[in-house]
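For reference, the structure discussed in these notes is given below.
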Amino acid sequence: MAALAFVPLHDEAWWPGAPTTAHGWLAALLGIAYVGASAATLLRARRGERAQAAAEAAEAGIPDADEWLVVHASQTGQAVEFAQRTAESLRAAGRRARLRAISTLDADTLAAARQALFIASTTGEGDAPDSAAGFIRDTMHAGATLPDLRYAVLALGDRSYRHYCAFGHALDQWLRGAGASPLFDLVEVDNGDPAALRHWQHHLGVVAGAPELPDWAPAAYAAWTLAGRRELNPGSAGGAVYEVRMSPPAEGGAHWHAGDIAEIGPRQAPDAVDALLAATGLDPEARVDAGDAPATLRDLLSRSHLPAADEVDGLDARALAGRLQPLPAREYSIASVPGEGSLRLLLRRMLRPDGSPGIGSGWLCDHAPQGGRIDLRIRTNPGFHAPAADAPLVLVGNGTGVAGLRAHLAERIAAGRHRNWLLFGERHASRDFHQREDLLQWLDAGGLARLDLAFSRDPEGTGLPTAATGGGRAAVHRGYVQDALRAESARLRQWVDDGAAILVCGSLQGMAPGVDAALRDILGGERVDELLAAGHYRRDVY
């Protein structure tokens, strides 16, 4: 058919006639049309093949590479509910999610998946739910190889039982042993604790690329006061790091342990709220329903995602309030202990692509007024509390992760426990040695027995803490904190042989897996797994 289309181009005798320039252009166009039609036919065929393969995989229950597998192992239905909420959050973030009961899961389905989230209940005295029996028998006991799988576990349990969240931990250990990589550390939930569920949601938002998803259950904040803030690293090649200090509510003090988390209720920049109010012409002092109590429209807007002005044009204050979604809580490791008089945070000021600060760090670092209210709730974090108080302690971290480690040092030194070893990494000693004064003072006084620093962008030996002249010993390494660990491998083995626990705090990407790999190389994988099981290797990574 395509060949016949070229016949009319020859208006001369068939053999001797030479085509004109117009004939050449027409021939080229016909050729292009022919190639395009052929390509379209081939593309449709391949799409049909892919659609057929996807349909067959879906019918077989096999996820594709972009899909999130959300697996529930439930005894009473609670794990199913949290799995459904997890899947809904992923879909709200634009991700595809498939719910699966663990009873329908097998090794082939897991091997085909690229990311999976497990919501696992523990029943009785540490038993797996009945629905998991077949999976344990046929898949966990049979073994599997899952090097391409990234996963996370939400472990549901009751802390009053001896084997708390036992099945969740067993599932986590099995997945690690099968070669799967954790997206983040296991999250324990005691009797549906909303704070632990918010922690799960926080991690979920990060890995799904949607940190603004609303909380399932908003935190009940107390009114703290911004007592002070300062930039710790002016001129740094990295983002600005701030130390922020808060005073507890006037009606009573607050208590927390080293390792606990501050949940902050962020607020929008005042200029952004004022701009929306000006565009809508609404009264900022109008009283509206804020869910738990009446509030002014301005106050509610400051605590909510702000819609575009054209999306709410013509709405009155009450109707606008009904459309608002609250901002989710932000989590920060606490850097101080109650005896120091204030709650300290260290946070990096995050910037959007347009250069404006993010909502959480922008509120604390830029917009919150000195002496103004900070919505704050303390979340206990027993998974990062120090184990046996009299054991030596090895603390490893980078960047703002020094916050959680500093609190542990302050708590132990105040209790007279001085066998503490800190390994800390950052970019430059001159700019990024966060908490330098406190650490060198503790080193000089002997409260910190050993300090190893790793500055990745300094020459070897640069930045030695010369202010320390007393009991502690210090060294500086080129590279990253995991390199400092390897350089001190003999010392690490000796400390662990002496009963030391290891606490790691800092970035989930890069540092945490690098430190874990170094520990396994130095101590052996079996020894590290024993430390994990005994609670002597704990992490707070983000």
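Just the heavy atoms: all of them, side chains too, but no hydrogens, waters or symmetry mates, feed the values below.
- Checking side-chain atoms of N398 against main-chain N and O of G506 turns up no donor-acceptor pair under 3.5 Å.
- With hydrogens and angles ignored, the 3.5 Å screen pairs no side-chain donor or acceptor of D375 with any backbone N or O of Y221.
- Remark: the backbone N or O of R352 is not paired with any side-chain donor or acceptor of S356 at under 3.5 angstrom.
- Between the side chain of R373 and the backbone N or O of W224, no donor-acceptor pair lies under 3.5 Å.
- Remark: the T86 side chain and the W200 side chain contain an N/O donor-acceptor pair separated by less than 3.5 Å.
- Between the CG atom of L422 and the CG atom of L443 there is a distance of 9.5 Å, given to the nearest 0.5 Å.
- At distances below 3.5 Å, at least one donor-acceptor pair connects side-chain atoms of H305 with backbone N or O atoms of E212.
- Taking CZ of F82 as the reference point, atom CG of L197 lies at 4.5 Å (rounded to 0.5 Å).
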- Message: Between F433 and L439, is the side chain to side chain contact (heavy atoms under 4.5 Å, CB included) condition met? List the steps.
- Response: CA-CA 10 Å; F433 188 179; L439 296 178; 3.9 Å; yes
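- More than 12 heavy atoms of other residues, nucleotides or ligands lie within 6.0 Å of OH in Y542, so this atom counts as buried by the packing criterion.
- The side-chain hydrogen bond (donor to acceptor under 3.5 Å, both in side chains) test with E331 singles out one residue from H199, R198, H203, and that residue is H199.
- At distances below 3.5 Å, at least one donor-acceptor pair connects side-chain atoms of N233 with backbone N or O atoms of G239.
- Ion pair R406/E340 flagged as a salt bridge, since at least one NZ, NE, NH1 or NH2 atom sits closer than 4.0 Å to an Asp/Glu carboxylate oxygen.
- Two residues are said to be in side-chain contact when any heavy atoms from C-beta on lie closer than 4.5 Å; D274 and R298 meet this criterion.
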- Item | Stepwise side chain to side chain contact (heavy atoms under 4.5 Å, CB included) test for I264 and L345 | CA-CA 11 Å; I264 299 291; L345 304 179; 4.2 Å; yes
- Message: Could you walk me through whether F384 and H408 satisfy the ring-ring contact (aromatic ring centres under 6.0 Å, His included) test, starting with their C-alpha distance in whole Å, then the side-chain angles of each, then the deciding distance to 0.1 Å, before giving a yes or no?
- Response: CA-CA 10 Å; F384 198 60; H408 279 290; 5.2 Å; yes
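- Inter-residue side-chain proximity for L324 and P307 is flagged as met; some heavy-atom pair is nearer than 4.5 Å.
- Looking at L69 and L149, their side chains never come closer than 4.5 Å, going by heavy atoms from C-beta outward.
- Remark: the backbone N or O of H428 is paired with a side-chain donor or acceptor of D432 at under 3.5 angstrom.
- Around CZ of R323, the count of heavy atoms belonging to other residues, nucleotides or ligands within 6.0 Å does not exceed 12.
- Around atom CZ of R91, more than 12 heavy atoms belonging to other residues, nucleotides or ligands sit under 6.0 Å away.
- In terms of heavy-atom proximity, F118 sits nearest to Y151 at CE1-CB, 4.2 Å.
- In terms of heavy-atom proximity, A155 sits nearest to C165 at O-SG, 3.4 Å.
- Of all heavy-atom pairs between V244 and M246, the closest is CG1-SD, 3.5 Å.
- Salt bridge annotation for R348-E231: absent, with no cationic side-chain nitrogen under 4.0 angstrom from a carboxylate oxygen.
- Considering all non-hydrogen atoms of both residues, G397 and L405 come closest at N-CD1, 3.6 Å.
- T109 places no side-chain N or O within 3.5 Å of a backbone atom of L105 that could act as its donor or acceptor partner.
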- Starting from the C-alpha separation in whole Å, work towards a yes-or-no answer on side chain to side chain contact (heavy atoms under 4.5 Å, CB included) for L90 and L117. CA-CA 11 Å; L90 288 169; L117 302 172; 3.9 Å; yes
- Task: Evaluate the side-chain hydrogen bond (donor to acceptor under 3.5 Å, both in side chains) criterion for residues Q435 and E243: first the C-alpha distance (whole Å), next the side-chain angles of each, then the deciding distance (0.1 Å), finally the verdict.
- Result: CA-CA 9 Å; Q435 304 297 295; E243 179 186 77; 3.2 Å; yes
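- Between L99 and H72 the shortest side-chain heavy-atom distance falls below 4.5 Å.
- Under the 4.5 Å side-chain criterion, counting only non-hydrogen atoms from C-beta, L343 is in contact with W256.
- Side chains of D260 and H385: a donor on one and an acceptor on the other come within 3.5 Å.
- Inter-residue side-chain proximity for E488 and W421 is flagged as met; some heavy-atom pair is nearer than 4.5 Å.
- Evaluated for a side-chain hydrogen bond (donor to acceptor under 3.5 Å, both in side chains) with S302, the options H367, R267, Q268 yield exactly one hit, R267.
- Listed for the S333 side chain is no donor-acceptor partner under 3.5 Å among the backbone atoms of A403.
- Taking OG1 of T225 as the start and CD of Q370 as the end, the distance is 10.0 Å to the nearest 0.5 Å.
- Between L327 and P266, the closest heavy-atom pair is CD1-O, 3.6 Å.
- Salt bridge present: R344 and D438 bring a charged side-chain N and a carboxylate O closer than 4.0 Å.
- To the nearest 0.5 Å, the span separating OH on Y480 from CD on E426 amounts to 11.0 Å.
- Across every non-hydrogen atom of P211 and G209, the tightest pair is CD-C, 3.6 Å.
- The line from CG of L347 to CG of L232 is 9.5 Å long, rounded to the nearest 0.5 Å.
- Contact of the V288 side chain with the L320 side chain is not registered, since no non-hydrogen atoms from C-beta on lie closer than 4.5 Å.
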- Query: Could you walk me through whether L364 and Y242 pass the side chain to side chain contact (heavy atoms under 4.5 Å, CB included) check?
  - Reply: CA-CA 9 Å; L364 290 175; Y242 282 78; over 6 Å; no
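- Under 4.0 Å is where a charged nitrogen must lie from a carboxylate oxygen, and between D66 and R114 no such pair does.
- Rounding to the nearest 0.5 Å gives a distance of 11.5 Å between CG of L448 and CD of Q441.
- For the pair D366 and R349, the salt-bridge criterion is met [side-chain N within less than 4.0 Å of a carboxylate O].
- Checked by atom type and distance alone, the side chain of R330 pairs as donor or acceptor with a backbone atom of P328 at under 3.5 Å.
- The closest side-chain heavy-atom distance from C365 to P357 is not below 4.5 Å.
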